[in-house]
Structure formats: structure tokens, C-alpha cells
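Step one of this worksheet: look at the structure below.
Computed from heavy atoms alone, side chains included, the values below leave out hydrogens, waters and symmetry copies.
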Amino acid sequence: MTTHDRRYVIIGNGIAGTTAADMLRKNDPNCSIHLLTNEPYPLYNRVSLPRFLQGVIVEQKVMIRDFAWHEQRNINLVTETMVTHINMEERVVVTDNGQTFPYDALLIATGGWANPLRVPGAEGTRHIYNFVTLDDTKSIIARMLESRTALAYGGSFISYELCDGFAVRKLETTWLMRGPYWLRSALDPDGGEVIDNIAKKFGVNVIHGDEIESVIPQNGVPGYVRTKKGREIQADVIGVGLGITLNTKILANTPVELRSGIVVNEYMETNIPGVYSAGDVAEFYDPTIGQHHTMGTWDNAMAHGRIVGVNMAGGHEAYIDVPTYTSPLFDVNIAVVGTAETNNPELQSIALREPGEKGNENYRKLFYRENKLVGVLMIGSPKGRKKLVEIVKNQQILETAAEREALLRLK
């Protein structure tokens with residue numbers, strides 16, 4: 001038992017960390033909360049960054065919280081600070097400027113670092129960007145306004161968002177990816193072709209099965225890139241979407257269990273009592289598939305934050321949710337529900353491709369495990385999505401192939 005008011009330290013002020021801080025204040029009014037971030041900003045909406053990139057919204061619309069919000073709730077927001085060490089025995093977090101933060105419960109919601117482009121000519125060349133933070137976005141916008149050509153590199157959500165931003169800003173845009181189609185971990189050749197057709201309608205030159213061999217700079221900025229198949233692609237600005245590396249480094253010399261992420265139980269607690277994890281970096285137990293995995297979506301991170309904000313304050317609430325992700329994709333929408341993994345041998349999938357609106361196509365792919373719907377991927381019309389989410393959440397058993405196939409046309 002502590003003889004003082006509870007002390008909470010949260011590393012990472014994204015949606016998981018900030019939601020947890022808000023819940024802790026509600027559940028433990030007398031506690032102290034320190035919320036640490038390496039960025040200079042309070043919480044902003046990462047899901048809105050693509051629209052900011054396109055010029056559809058202004059920076060102010062990206063911000064969700066301000067410094068006053070934290071002050072009103074007595075949440076101590078510590079910005080531009082890196083955590084260098086966690087002493088689990090003494091329960092103290094140490095930062096790069098020598099500050100120490102003792103805790104009774106600790107939340108690690110550190111997300112991940114975007115993987116940089118590592119090829120000859122890239123290091124030291126300006127205007128090669130990742131697209132994760134608000135500062136990334138502002139830098140890319142400034143460069144786009146003085147550019148004519150652009151290259152989006154990668155087969156991830158980040159790469160298509162970059163490609164969309166370049167195309168909307170009327171840059172001559174090339175989309176280059178190593179795989180045979182976009183989002184190959186979830187789609188199939190038919191779904192990949194649907195995406196290609198949408199991009200091409202916006203004037204994007206889509207290239208598959210090739211990769212950057214080197215960047216050829218001119219006066220310290222990109223001139224063009226040379227690919228392994230001998231292509232030369234001009235690019236005044238290069239946007240890179242090559243995935244992220246989860247930020248678990250601060251736990252390297254601690255007893256916290258790590259796999260691909262920080263392993264937590266259904267209550268979001270690690271193997272060390274009083275130490276929790278949430279958001280992209282958490283390898284959490286997902287009851288819909290009966291496995292641990294990581295998931296980098298906004299809704300999932302927010303749900304984690306709510307649960308962990310209850311449990312750190314003494315609650316015992318299990319995480320049971322269906323993560324969802326929706327995003328504009330050029331002039332259509334894409335939605336991902338639950339676990340949509342083509343490369344998961346435990347899942348079976350069926351798909352439907354049919355004509356849609358605006359000259360586009362609709363594509364729907366459903367993922368099953370032991371006759372239960374566990375994942376959905378939709379491009380185009382969102383009709384039926386809410387019903388499908390409920391079916392995943394209720395773990396409804398669908399015995400026959402006809403029942404499972406009927407969901408492809410659910411309205």
C-alpha cells in the first residue's frame with residue numbers, strides 16, 4: 001500500500017497515452033500524472049494528417065488538445081523530452097535532460113519510428129521524408145509547393161497517403177513499390193488492381209516489383225532515383241512509407257517481455273506488475289482470433305487508452321474490442337475491420353469485386369477463422385460495415401459456405 005497519492009507516468013502522448021491520462025484523472029482524482037513526449041505538441045490527430053497534406057484542412061484542425069486542456073486536468077505534459085532509462089526496481093523513469101519521474105504505475109505508449117530510406121545517396125540528401133508526425137507533414141508541404149515531380153515509395157498505408165497528397169497537389173507523381181500490389185499483407189491481385197486503377201485515374205504512374213537502388217542528388221536535393229531494374233525516375237520530393245520499427249528500445253535492459261512489441265495480457269499489463277503498454281507498440285491479446293498481435297490503428301490505440309486508464313487506477317477490465325480503421329483513398333474510402341491478414345495461415349478469405357460509383361470499383365474481402373468472421377477489408381462503398389463489425393464482435397458462427405459468402409453482399 002502506498003502512503004501517498006498515486007503517481008502515474010505515461011511515456012507517449014499519442015491517442016493511447018492522452019486517453020489514458022484523461023481516464024486516470026477521472027478514476028483517481030488525487031493522483032499525479034506526468035505525460036512525456038519527444039514532440040513539441042499536445043495531442044494531434046494523425047488520421048487528419050493526409051487531409052492536411054492535401055491542403056483540405058488547416059493545421060489548427062489537426063490539433064485535438066492544447067496545453068490549457070492539460071492544465072485544467074492537472075496533467076503534467078512534458079514536451080521535447082526523450083526517455084533514456086527505466087529503473088524497474090526503484091520505479092523511476094529517467095530522461096535525456098536528467099529529469100527523474102518516480103511512478104506507482106507506468107504506461108509505455110511509445111508507438112514506433114518510421115523506417116528511413118537506406119540506399120546510396122539518400123543519407124544527407126534533403127527532401128526525402130517519412131510521413132508520421134505533424135512536423136513531417138509541414139516539411140513535405142513546404143517542399144511540395146516548390147516541386148514539380150514526386151515519388152511515393154512503398155506498399156503501405158503511409159505510401160498511398162503520400163501518393164494521394166502529391167497527386168492532389170498536381171505534382172507529376174510516381175508510386176513505386178517492391179511488392180506485386182499495394183497492401184500485399186491483406187489484398188490479392190484483384191484488390192491490388194482496383195487500387196492501381198484508382199491511382200491511375202488521378203494521373204499516378206504506378207510501378208510494381210521494383211525498388212530504389214540509389215538516389216542521385218543534385219546540389220544536395222534529389223535529382224532522380226535509379227531502380228534495381230534500371231529505371232530512372234525524376235523526383236523533387238521523395239516520400240517513404242517502408243513501415244515502422246516499434247519503439248521498445250527503452251526496455252532493452254529490463255525484465256519486460258518483448259516479442260514484436262511489448263507483450264501485455266488482456267488487461268494491458270506486462271509481465272511486470274504496475275507496468276502497462278498500449279497503442280501501436282503493445283502486443284495485445286485479441287480474443288477474436290485468440291492470439292497476441294500488434295495493430296497500428298487510431299481506434300485500437302484509443303480503446304487501449306480507455307482500458308489501461310481504468311486498470312492502472314485499480315480496475316480490472318479486459319480489452320475486448322474490434323479494431324477498425326477507415327481512410328480516404330483518392331476519391332473512395334478504405335475500411336479495415338478486425339484482423340485482415342492474407343499471410344496468416346490460420347485464416348481463410350473470400351473476396352468480391354464489382355462495379356462501384358464514379359467509375360471506380362467496389363472490393364470486399366472477408367477473413368474467417370473456424371467459421372467465425374474475424375476481419376473485413378472494404379474499398380469503395382461502406383454499406384454493411386456496421387453489421388459486419390457486429391458479427392466480428394459477437395463471434396457469430398457461420399456454419400455454411402453460403403452463409404459466409406452472403407456477407408460479401410451484405411447491405
Any side-chain donor paired with an acceptor under 3.5 Å for [X] and [Y]?
{"X": "Q291", "Y": "E346", "answer": "yes"}
{"X": "T245", "Y": "N115", "answer": "yes"}
{"X": "R184", "Y": "N343", "answer": "no"}
{"X": "N311", "Y": "Y319", "answer": "no"}
{"X": "T18", "Y": "N13", "answer": "no"}
{"X": "T95", "Y": "N97", "answer": "yes"}

Open item on the list: By the ring pair (Phe, Tyr, Trp, His ring centres under 6.0 Å) test, which pairs, at least two apart or in different chains, include something from residues 84-105?
Closed with: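 Qualifying pairs: H34-F101.
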
Task: Audit row: V237, L171, side chain to side chain contact (heavy atoms under 4.5 Å, CB included) steps and yes/no - done: CA-CA 10 Å; V237 56; L171 274 66; 3.9 Å; yes

Enter the distance from [X]:[atom1] to [Y]:[atom2] here, rounded to the nearest 0.5 Å.
{"X": "L107", "Y": "T110", "atom1": "CG", "atom2": "OG1", "result": "9.0 Å"}
{"X": "H304", "Y": "T19", "atom1": "NE2", "atom2": "OG1", "result": "11.5 Å"}
{"X": "L106", "Y": "I10", "atom1": "CG", "atom2": "CD1", "result": "9.0 Å"}
{"X": "L251", "Y": "T254", "atom1": "CG", "atom2": "OG1", "result": "4.5 Å"}
{"X": "Y44", "Y": "I64", "atom1": "OH", "atom2": "CD1", "result": "10.5 Å"}
{"X": "I307", "Y": "E266", "atom1": "CD1", "atom2": "CD", "result": "11.0 Å"}

Open item on the list: Between D331 and K358, is the salt bridge (Lys or Arg N to Asp or Glu O under 4.0 Å) condition met? List the steps.
Closed with: CA-CA 8 Å; D331 62 346; K358 303 177 187 175; 5.1 Å; no

Which pair of heavy atoms, one from [X] and one from [Y], lies closest together, and at what distance?
{"X": "A186", "Y": "L377", "answer": "CB-CD1, 3.6 Å"}
{"X": "E39", "Y": "T79", "answer": "O-CB, 3.3 Å"}
{"X": "A167", "Y": "F202", "answer": "CB-O, 4.2 Å"}
{"X": "P323", "Y": "T297", "answer": "CB-OG1, 4.3 Å"}
{"X": "W298", "Y": "N45", "answer": "CH2-CA, 3.7 Å"}
{"X": "E161", "Y": "S327", "answer": "OE2-OG, 3.8 Å"}

Taking [X] for its side chain and [Y] for its backbone only, find out whether a donor-acceptor pair lies under 3.5 Å.
{"X": "N360", "Y": "G356", "result": "no"}
{"X": "R91", "Y": "D104", "result": "yes"}
{"X": "R6", "Y": "A313", "result": "no"}
{"X": "E283", "Y": "G261", "result": "yes"}
{"X": "T270", "Y": "V275", "result": "yes"}
{"X": "R143", "Y": "D236", "result": "yes"}
{"X": "E257", "Y": "V263", "result": "no"}
{"X": "R364", "Y": "L410", "result": "yes"}
{"X": "S159", "Y": "G154", "result": "yes"}
{"X": "H208", "Y": "M177", "result": "no"}

Open item on the list: Can you pull out every salt bridge (Lys or Arg N to Asp or Glu O under 4.0 Å) where at least one residue sits in residues 71-85? Sequence neighbours excluded, please.
Closed with: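 Passing the test, one end in residues 71-85: D22-R73.
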
Open item on the list: By the salt bridge (Lys or Arg N to Asp or Glu O under 4.0 Å) test, which pairs, at least two apart or in different chains, include something from residues 303-329?
Closed with: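 Residue pairs passing salt bridge (Lys or Arg N to Asp or Glu O under 4.0 Å), neighbours aside: none found.
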
Open item on the list: Determine whether S381 and N362 satisfy the following criterion, side chain to side chain donor-acceptor pair (under 3.5 Å), listing intermediate values before the conclusion.
Closed with: CA-CA 6 Å; S381 172; N362 292 328; 4.8 Å; no

Check whether more than 12 heavy atoms from other residues, nucleotides or ligands sit under 6.0 Å from atom [atom1] of [X], and answer yes or no.
{"X": "K393", "atom1": "NZ", "answer": "no"}
{"X": "Q395", "atom1": "CD", "answer": "yes"}
{"X": "R259", "atom1": "CZ", "answer": "yes"}
{"X": "Q60", "atom1": "CD", "answer": "no"}
{"X": "K170", "atom1": "NZ", "answer": "no"}

Open item on the list: When you compare the side chain of T339 with that of F367, does any pair of heavy atoms fall below 4.5 Å?
Closed with: no

Task: Heavy-atom side-chain proximity of L183 to I195 below 4.5 angstrom - done: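 Heavy-atom side-chain distance check fails, nothing below 4.5 Å.
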
Task: Candidates Y181, Y153, W182 - the one meeting ring-ring contact (aromatic ring centres under 6.0 Å, His included) with Y160 - done: W182

Open item on the list: Can you classify the ring geometry of H70 versus F67 as parallel (below 30°), tilted (30 to 60°) or perpendicular (above 60°)?
Closed with: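 The rings of H70 and F67 sit tilted, inter-plane angle from 30° to 60°.
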
Task: Candidate list T137, N130, D136, test side chain to side chain donor-acceptor pair (under 3.5 Å), partner T133, passing option - done: D136

- [ ] Start with the C-alpha distance between F284 and S277, add both sets of side-chain angles, then the distance that settles side chain to side chain contact (heavy atoms under 4.5 Å, CB included), and finish with yes or no.
- [x] CA-CA 9 Å; F284 64 98; S277 185; over 6 Å; no

TODO: Run the numbers on D96 and T81 for side chain to side chain contact (heavy atoms under 4.5 Å, CB included), then give the verdict.
DONE: CA-CA 7 Å; D96 56 351; T81 298; 4.0 Å; yes

Open item on the list: Go through it in stages, so that I can follow the logic: the residues are K365 and T342, the test is side chain to side chain contact (heavy atoms under 4.5 Å, CB included), and I'd like the CA-CA distance, side-chain angles, deciding distance and then a yes or no.
Closed with: CA-CA 10 Å; K365 190 171 186 180; T342 297; 3.0 Å; yes

